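These numbers were taken from a predicted model, which means no experiment stands behind them.
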Amino acid sequence: MGPLAGTLTAISAGAVFMGANTYIGNAPNFMVKSICEERGIKMPSFLGYMLWSGGILVPLFALLTIYFLL
């Protein structure tokens, strides 16, 4: 791939790893939330989801980045 292989790897990894962030809060997640609440299961708010996902995904992304790029 030439001298810019590391750059291509970093761009590809970023697209894959951070693509999950665009799915957080989408309509399917809100549909699951409304179904659970309708059945009496307590669910976090949107900001609660963001805190949970940030607490889980950010460290996971950091570990995966270190694993794949080092």
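Residues I56 make up the rest of the hydrophobic cluster containing W52, defined by ILVMFWY side-chain heavy atoms closer than 4.5 Å, directly or through other members.
Smallest separation of non-hydrogen atoms from G54 and P59: O-CD, 3.5 Å.
Tracing side-chain contacts under 4.5 Å through hydrophobic residues (I, L, V, M, F, W, Y), one never reaches V58 starting from Y67; they form parts of separate clusters.
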Donor-acceptor contacts under 3.5 Å from residues 30-37 side chains, at least two apart:
from, atom 1, to, atom 2, distance (Å)
K33, NZ, E37, OE1, 3.4
K33, NZ, E37, OE2, 2.7
S34, OG, F30, O, 3.3
S34, OG, M31, O, 2.9

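Applying the side chain to side chain contact (heavy atoms under 4.5 Å, CB included) rule to T7 yields the partners L4, I11; only residues at least two apart in sequence or on another chain are considered. Partners of L51 under the side chain to side chain contact (heavy atoms under 4.5 Å, CB included) rule, at least two apart in sequence or in another chain, do not exist in this structure.
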